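Values reported hereafter were calculated over all heavy atoms of this structure, with side chains retained and with hydrogens, waters and symmetry mates removed. All of these numbers come straight from a predicted model, not from anything done at the bench.
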Amino acid sequence: MQRRKKVPEATSQLKIFHVYTFELLLQESTNHCRVRSACKLDSHSTLLTMLQKIILSLLLATWFSVDCNPGPIDDILIDRYFVPKRCVREVKSGDFVRYHYNGTFTDGKRFDSSYERGTAFFGQVGQRWQIAGVDKGILGMCINERRKITVPPHLAHGSKGAGDTVPPDTTLVFDLVLLDIFNRADQVQTKVISTPKDCRRSVMRTDFVRFHFNGTLLDGTVFDSSYKRSQTQDSVVGEGLLIKGLDEGLLGMCVGEIRHFIIPPFLAFGEQGYGTGIPPHASVEYHILLEDLHNPKDDIIVETLKLPEPCARKSVAGDFIRYHYNASFLNGIMFDSSYQQNQTYNTYIGMGYMIAGIDKGLQGVCAGEWRRIILPPHLAYGQQGAAGIVPGSAVLRFELELLSLQKGVPEGYLFIWLQDSPVQPFEALDINKDHQVPLDEFSQFIKQQVSEGKGRLKPVRDPDSVIRDMFKNQDRNADGLITADELKLKVDEDSEKTRHEEL
């Protein structure tokens with residue numbers, strides 16, 4: 001004979017309540033029929049009302065029969081207590097994840113914490129790198145999402161526990177925040193934020209680039225910024241000087257273009273990380289603005305903006321020129337302008353007085369011509385830049401207006417003869433034949449030679465200053481007069497100097 005299982009008192013009372021409710025409903029239906037002449041249920045409405053009351057009584061009975069202490073849970077419980085508004089990607093099985101966590105028992109006592117160790121957990125989902133409950137509970141998480149995952153013993157450390165840390169058959173609670181997700185199948189994710197309308201050239205392998213950037217981890221933590229250093233990042237592309245993800249992502253960019261990159265660890269800083277800012281196995285984000293690019297093999301680029309007609313003569317090496325200019329970087333930021341200074345730049349072509357690219361770009365120019373010249377850094381200010389104005393390795397853009405040009409004189413000369421010089425130079429200078437030549441008499445003679453096309457002064461804005469320098473050079477005793485003993489032509493002085501050096 002089987003022993004009958006004792007029914008708890010509360011359950012017995014609920015059954016009596018259920019039976020009593022059913023009897024009341026049956027009585028009500030009988031009374032309803034007595035009132036009717038045909039003693040039938042009135043269409044479907046009365047039957048529906050009765051069924052609703054029966055179902056309600058069953059639901060109440062079920063609700064009251066729930067035990068207030070449910071005992072051990074069968075599956076994990078997930079509390080998503082913070083979900084970011086922006087979720088680009090969710091965790092899937094096979095993904096690699098990094099997260100920080102606090103592990104506690106159900107009474108709140110902590111048994112483990114990645115924060116205390118100072119190192120986030122790293123592992124692959126679905127490959128038993130973590131306990132089964134967390135492996136399951138982390139699915140669908142977003143970067144920066146926070147979850148509290150309650151894990152029953154059979155999905156944690158089971159009946160054996162975990163040494164002295166976790167007792168057998170213990171329910172565990174993990175409070176974690178997701179820092180990173182990536183997959184071995186990932187590539188560099190590129191988003192073009194803006195592209196300039198005029199893109200004449202884009203980055204190719206072996207190009208040298210200068211760019212500004214903000215670098216962050218996926219959780220938004222900033223690890224580096226060229227803006228904060230007020231200095232661009234400069235490097236050759238495709239030569240292994242940058243992380244692989246940037247070497248790939250920069251290709252095809254135009255000057256002034258802005259791109260956003262998400263780079264997985266194996267294309268970034270890998271298992272080692274970098275410094276204190278980039279932990280091991282970290283994906284990184286870069287927000288990049290390309291400032292300029294060039295190739296070490298580049299020459300200057302010359303574009304004629306305005307060409308006067310007719311062009312009487314084009315400039316050649318040795319010419320003295322006067323020109324206005326605006327100088328800017330490729331991003332359009334101006335760093336110098338003769339217009340703003342209200343003063344022309346006056347110099348000689350082909351004599352090393354200008355940076356190499358300008359010296360080359362101003363040859364063959366007509367008076368009145370406008371040119372735009374793009375200068376690679378090796379033909380401008382090089383890797384060193386210029387006195388805090390031009391950064392190192394900067395490509396420059398000059399827009400120039402040539403105002404005038406005239407033939408110059410050799411370096412070191414203030415005046416040259418265009419015809420044969422006088423056989424007796426002093427007699428030619430001594431116009432009044434008093435055997436001495438003051439400044440005004442010397443100036444009168446030189447100006448006459450220039451006006452008659454017999455000689456040429458060093459081209460400058462103030463010819464009188466050149467004549468004064470010439471006179472000072474000949475007035476060797478500085479008494480304000482030149483005598484026959486003092487006067488020597490520069491060509492004779494140079495010849496005499498050479499003879500002394502030979503001796």
Side-chain angles (χ1 to χ4, degrees), residues 308 310-325 338 343-356 358-369 371 400-433 436-476 478 480-498:
C311 176
R313 187 173 78 86
K314 294 186 177 182
S315 60
V316 295
D319 281 350
F320 180 80
I321 60 172
R322 294 172 53 247
Y323 66 88
H324 268 307
Y325 67 89
S338 65
Q343 183 176 355
T344 59
Y345 193 83
N346 310 322
T347 190
Y348 291 89
I349 296 177
M351 300 178 69
Y353 295 140
M354 298 175 284
I355 56 177
I358 294 296
D359 215 0
K360 185 175 182 180
L362 281 174
Q363 296 194 33
V365 185
C366 303
E369 183 176 341
R371 280 189 175 184
L400 309 103
E401 175 191 6
L402 186 64
L403 300 176
S404 67
L405 64 92
Q406 59 188 108
K407 291 182 178 180
V409 298
E411 187 174 5
Y413 283 74
L414 299 176
F415 174 89
I416 60 172
W417 293 99
L418 300 179
Q419 300 177 6
D420 292 337
S421 61
V423 177
Q424 300 293 333
F426 184 79
E427 283 74 3
L429 275 171
D430 186 15
I431 299 174
N432 60 8
K433 308 302 178 183
Q436 56 185 12
V437 179
L439 174 61
D440 57 348
E441 191 174 8
F442 181 85
S443 177
Q444 179 184 350
F445 174 80
I446 295 298
K447 288 180 178 179
Q448 181 179 349
Q449 307 311 304
V450 172
S451 65
E452 292 176 0
K454 297 178 180 180
R456 181 187 305 140
L457 277 171
K458 178 182 179 179
V460 293
R461 179 172 292 183
D462 181 13
D464 288 332
S465 66
V466 176
I467 295 174
R468 285 194 296 270
D469 288 340
M470 292 174 63
F471 181 84
K472 184 177 179 180
N473 291 340
Q474 298 298 330
D475 183 16
R476 301 178 192 279
L481 298 170
I482 298 174
T483 64
D485 294 336
E486 293 176 307
L487 182 65
K488 288 184 181 180
L489 298 181
K490 180 171 175 53
V491 65
D492 296 332
E493 288 182 329
D494 290 345
S495 177
E496 183 177 334
K497 181 179 178 182
T498 301

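Here CD of Gln419 is found 6.5 Å from NZ of Lys454. Values are rounded to the nearest 0.5 Å. Between atom CZ of residue Arg476 and atom CG of residue Leu487 there is a gap of 7.5 Å, rounded to the nearest 0.5 Å. Between atom CG of residue Asp319 and atom OG of residue Ser404 there is a gap of 10.5 Å, rounded to the nearest 0.5 Å. Rounding to the nearest 0.5 Å places CZ of Arg456 at 13.5 Å from OH of Tyr413. A distance of 5.0 Å separates OH in Tyr323 from CE in Met354, rounded to the nearest 0.5 Å. The CG atom of Leu439 sits 9.5 Å away from the CG atom of Asp475 when rounded to the nearest 0.5 Å.
In terms of heavy-atom proximity, Gln436 sits nearest to Leu481 at OE1-CD1, 3.2 Å. The minimum heavy-atom distance between Pro308 and Ala367, with the atom names listed, is CG-O, 3.2 Å. Taking every heavy atom of both residues into account, Val409 and Tyr348 meet most closely at N-CE2, 4.1 Å.
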>> Working note: Lys407 + Val316, criterion side chain to side chain contact (heavy atoms under 4.5 Å, CB included); need CA distance, chi angles, decisive distance, verdict.
In response: CA-CA 8 Å; Lys407 291 182 178 180; Val316 295; over 6 Å; no
>> Could you go through Phe415 and Val450, starting from their C-alpha distance and side-chain angles, then the distance that decides it, and tell me whether this counts as side chain to side chain contact (heavy atoms under 4.5 Å, CB included)?
In response: CA-CA 9 Å; Phe415 174 89; Val450 172; 4.0 Å; yes
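At least one side-chain heavy atom of Lys447 sits under 4.5 Å from a side-chain heavy atom of Ile467. Taking 4.5 Å as the limit, some side-chain heavy atom of Phe320 sits within range of a side-chain heavy atom of Asn346. Counting heavy atoms from C-beta on, the side chains of Leu362 and Ile321 come closer than 4.5 Å. Side chains of Phe426 and Val437 form a contact here, defined as non-hydrogen atoms less than 4.5 Å apart. Within the 4.5 Å cutoff, side-chain heavy atoms of Leu457 are placed close to those of Met470. Lys314 is listed as a side-chain neighbour of Cys366, based on a closest heavy-atom distance under 4.5 Å. Side-chain atoms of Tyr345 and Leu400, non-hydrogen and from C-beta on, never get closer than 4.5 Å to each other. Residues Gln474 and Glu486 fail the side-chain proximity criterion, which asks for heavy atoms closer than 4.5 Å.
Around CG of Asn432, the count of heavy atoms belonging to other residues, nucleotides or ligands within 6.0 Å exceeds 12.
Side-chain N or O atoms of Lys458 include none that pairs as donor or acceptor with a backbone N or O of Gly412 at under 3.5 Å. Side chain of Gln363 to backbone of Ile349: no donor-acceptor contact under 3.5 angstrom is found. With hydrogens and angles disregarded, no donor-acceptor distance shorter than 3.5 Å links the side chain of Gln406 to the backbone of Pro459.
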